Amino acid sequence: MEHVYVSDIAKYEGQEVILKGWLYNKRSSGKLHFLQLRDGTGIIQCVVFKGDVPEEIFNLADKITQESSIIIQGVVRADKRSPIGYEIGVKGLKVVQMAEDYPITPKEHGVAFLMEHRHLWLRSTRQHAILRIRSEIIKACRSYLDDNGFILIDAPIFTPAACEGTTTLFETDYFGEKAYLTQSGQLYMEAAAMAFGRVYCFGPTFRAEKSKTRRHLTEFWMVEPEMAYYDLNDDMDLAESLLEHIVKQVLKNKRRELETLERDISALEKIEKPFPRITYTEAIEILNKKGMTMTWGDDFGGDEETVLSKEFEKPVLVHRYPLQCKAFYMKADPQDPRLALCVDVLAPEGYGEIIGGGQREDDLKTLEQKIREHNLPMEAFKWYLDLRRYGSVPHAGFGLGIERTVAWICGLHHVRETIPFPRLMERITP
RNA sequence: UCCCCGGUAGCUCAGCAGGUAGAGCGGGUGGCUGUUAACCACUUGGUCGCUGGUUCGAGUCCGGCCCGGGGAGCCA
């Protein structure tokens with residue numbers, strides 16, 4: 001007999017099949033047991049009727065505990081009362097392992113308790129929906145770039161001597177030398193872009209920031225495209241197209257999961273090109289009109305990002321920040337050297353920054369001077385400066401934070417549910 | 001690092017005028033042929049975060065510490 005999955009059950013109507021999974025929940029009514037079987041692809045109700053099975057099977061069904069692993073043999077039948085349209089008339093039942101008292105009940109739990117039991121919490125319907133959407137978002141990022149001429153180039157996780165101070169880097173011992181966990185693959189992607197034209201990396205990045213907010217993890221995943229011969233406008237066009245593609249793929253392939261999360265789908269359906277583009281200077285004006293007191297040159301905090309992103313129904317691209325509050329590799333705007341050719345993309349509905357990027361400084365002399373101005377060790381950038389020595393070209397790129405994107409698309413309040421095993425300032429287990 | 005809130009049964013919480021601990025859920029037992037977080041009856045269940053103090057008496061008041069949550073700062 002065939003082992004089938006709940007997601008494919010419609011194809012087997014009227015047939016006898018085998019399902020392998022876990023007991024999600026159970027209800028009984030005298031001569032009936034209703035077993036909710038969960039197999040990772042979905043949940044289906046399996047009905048055990050006393051008259052249909054040997055007595056020992058019926059008694060066994062009565063004793064199964066929540067999350068026990070079970071194998072069920074039975075007939076697939078259509079039933080209007082089922083949320084998925086089908087249920088199983090049980091003929092056989094085998095318990096692979098009888099679970100001990102399961103800590104997570106179908107009732108409410110607090111955040112701390114659930115985080116403590118993250119390894120079990122992953123089994124719940126809501127977490128399934130979120131992590132399936134995460135999987136779809138990552139797939140969409142990769143397929144879009146793969147299908148548009150980009151090459152995947154993996155960046156290293158171990159990096160040598162810190163470039164910009166060590167306070168936000170995780171230090172490790174590397175055969176007696178200090179090494180650090182990467183904060184970004186960007187510098188390596190610039191090298192790769194000079195080799196392959198259009199490249200991207202996708203991997204974990206680490207920040208030892210003592211940030212306790214809904215937007216911060218110490219370990220998070222980024223997609224970082226980098227493109228030779230792209231200027232800031234090309235960069236913004238790519239960011240816009242990529243985000244539109246991601247949202248459309250999720251709407252197309254994960255609509256049921258969005259419904260499970262009770263996401264306002266109409267808000268996502270508005271995400272179509274073109275997105276609004278405003279300059280930093282215009283953003284400051286908007287914030288001041290909203291009653292915040294910003295002076296030109298201030299960087300945006302979480303509150304400012306929230307206010308700005310609530311102003312628009314689509315992601316908003318904020319470009320040309322003051323050069324002074326940006327990293328050394330940012331290229332200055334030739335039209336106004338106080339400005340950097342950079343862009344942040346703020347997700348709507350208050351979700352804030354999901355992309356940061358821009359055009360990189362491509363002139364050797366200027367870059368050397370910037371490194372000195374930022375008091376950075378020239379030696380550490382020897383290889384990076386080579387890129388401006390041997391065939392330097394204008395180039396640009398950005399980093400898209402996966403977890404913040406998942407939080408926005410799923411409509412979640414906190415990024416801790418957007419990654420299977422979140423790493424937070426105060427939590428490294430499970 | 002700073003500010004605010006919290007820690008009582010396995011879980012979610014109530015208990016505050018200081019007088020010796022309670023509900024719902026879960027677990028267990030029994031009942032019910034159609035349950036959808038099933039329901040009904042009975043039942044089980046506690047180092048009140050730790051520590052010191054005030055008091056005849058502390059879950060309750062005070063100090064210190066630990067842990068968690070929310071936020072800020074920080075945040076290529």
Side-chain angles (χ1 to χ4, degrees), chain A residues 24-36 43-52 58 62-63 65-67 77 79-84 87 89 99-117 120-121 124-126 159 162-165 167-169 182-187 189-190 205-218 220 222 224 226 299-306 321 323 325-330 340 342-344 352-353 355-358 360-361 370 374 376 384 397-399 401 404 413-414 416 424-427:
Chain A
Y24 193 68
N25 199 3
K26 180 181 72 180
R27 287 177 284 271
S28 297
S29 178
K31 299 191 172 70
L32 287 168
H33 293 304
F34 300 98
L35 309 179
Q36 314 294 326
I43 293 172
I44 193 166
Q45 173 159 284
C46 306
V47 183
V48 189
F49 175 51
K50 193 162 189 173
D52 285 350
F58 187 78
D62 186 41
K63 289 202 169 54
T65 51
Q66 188 188 358
E67 285 302 322
R77 57 190 186 216
D79 193 304
K80 275 181 247 147
R81 289 165 294 192
S82 162
I84 60 167
E87 64 176 22
E100 297 175 22
D101 283 353
Y102 190 68
I104 301 179
T105 67
K107 296 280 181 173
E108 282 179 71
H109 297 284
V111 170
F113 178 81
L114 290 169
M115 291 296 287
E116 210 64 57
H117 295 84
L120 302 176
W121 190 20
S124 73
T125 307
R126 179 182 162 82
T159 57
C163 299
E164 291 187 36
T167 51
T168 63
L169 289 164
T182 184
Q183 283 191 309
S184 161
Q186 183 200 313
L187 270 47
M189 287 308 100
E190 289 186 56
T205 51
F206 308 86
R207 308 238 169 132
E209 291 156 11
K210 296 200 170 178
S211 303
K212 276 177 62 173
T213 82
R214 75 184 76 146
R215 303 172 165 162
H216 287 85
L217 295 166
T218 56
F220 65 98
M222 276 207 291
E224 294 177 89
E226 190 74 30
D299 208 349
F300 301 140
D303 288 347
E304 287 80 26
E305 280 185 9
T306 302
Y321 283 66
L323 197 59
C325 58
K326 288 290 169 181
F328 76 93
Y329 51 71
M330 295 278 186
C342 66
V343 60
D344 281 357
E353 184 181 352
I355 282 179
R360 324 302 188 186
E361 181 51 67
K370 288 281 201 59
H374 282 77
L376 299 171
Y384 184 68
F398 60 84
R404 289 180 179 183
H413 178 70
H414 199 296
R416 69 185 153 221
L424 299 152
M425 188 181 127
E426 303 282 6
R427 182 176 298 283

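By convention in this document, chain letters (A, B, ...) are assigned in the order of the sequence lines, proteins followed by strands, and residues within each chain are numbered from 1. Fair warning: this is a prediction, and the values are worked out from it, not measured in the lab.
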Across the strands shown, which category fits [X] at heavy-atom distances under 4.0 angstrom: base, sugar-phosphate, nothing?
{"X": "A:Asp303", "value": "sugar-phosphate"}
{"X": "A:Arg215", "value": "nothing"}
{"X": "A:Arg360", "value": "nothing"}
{"X": "A:His216", "value": "base"}
{"X": "A:Arg126", "value": "nothing"}
{"X": "A:His413", "value": "sugar-phosphate"}
{"X": "A:Gln45", "value": "base"}
{"X": "A:Gly110", "value": "sugar-phosphate"}
{"X": "A:Phe34", "value": "base"}

Minimal non-hydrogen separation, A:Tyr102 against A:Leu120, with atom names: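 Closest approach of A:Tyr102 to A:Leu120, heavy atoms only: OH-O, 3.1 Å.
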B:C66 and B:G24, which share atom name P, separated by this distance in whole Å: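 Here B:G24 and B:C66 have their P atoms 38 Å from each other.
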C1'-based separation of B:A9 from B:C56 [nearest Å]: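 Rounded to whole Å, the distance is 30 Å.
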Donor-acceptor pair present, A:His109 side chain and B:C11 base, under 3.5 Å: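 Answer no: no donor N or O sits under 3.5 Å from an acceptor.
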Base B:G73 paired with A:Glu209 side chain (donor-acceptor, <3.5 Å):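 Not at all, since no donor on one side and acceptor on the other fall under 3.5 Å apart.
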Pair A:Trp121-A:Ile104, side chain to side chain contact (heavy atoms under 4.5 Å, CB included): steps then yes or no: CA-CA 7 Å; A:Trp121 190 20; A:Ile104 301 179; 4.0 Å; yes
Side chain proximity check, A:Lys26 to A:Gln66, heavy atoms < 4.5 angstrom: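 No; the side chains remain at least 4.5 Å from each other.
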Complementary nucleotide of B:G18, counting Watson-Crick and G-U pairs under 3.5 Å: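 Pair assignment: B:G18 / none.
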Write down the protein N/O and nucleotide N/O pairs, taken from nucleotides 39-46 of chain B, whose separation is under 3.5 Å; answer none if there are no such pairs.
none

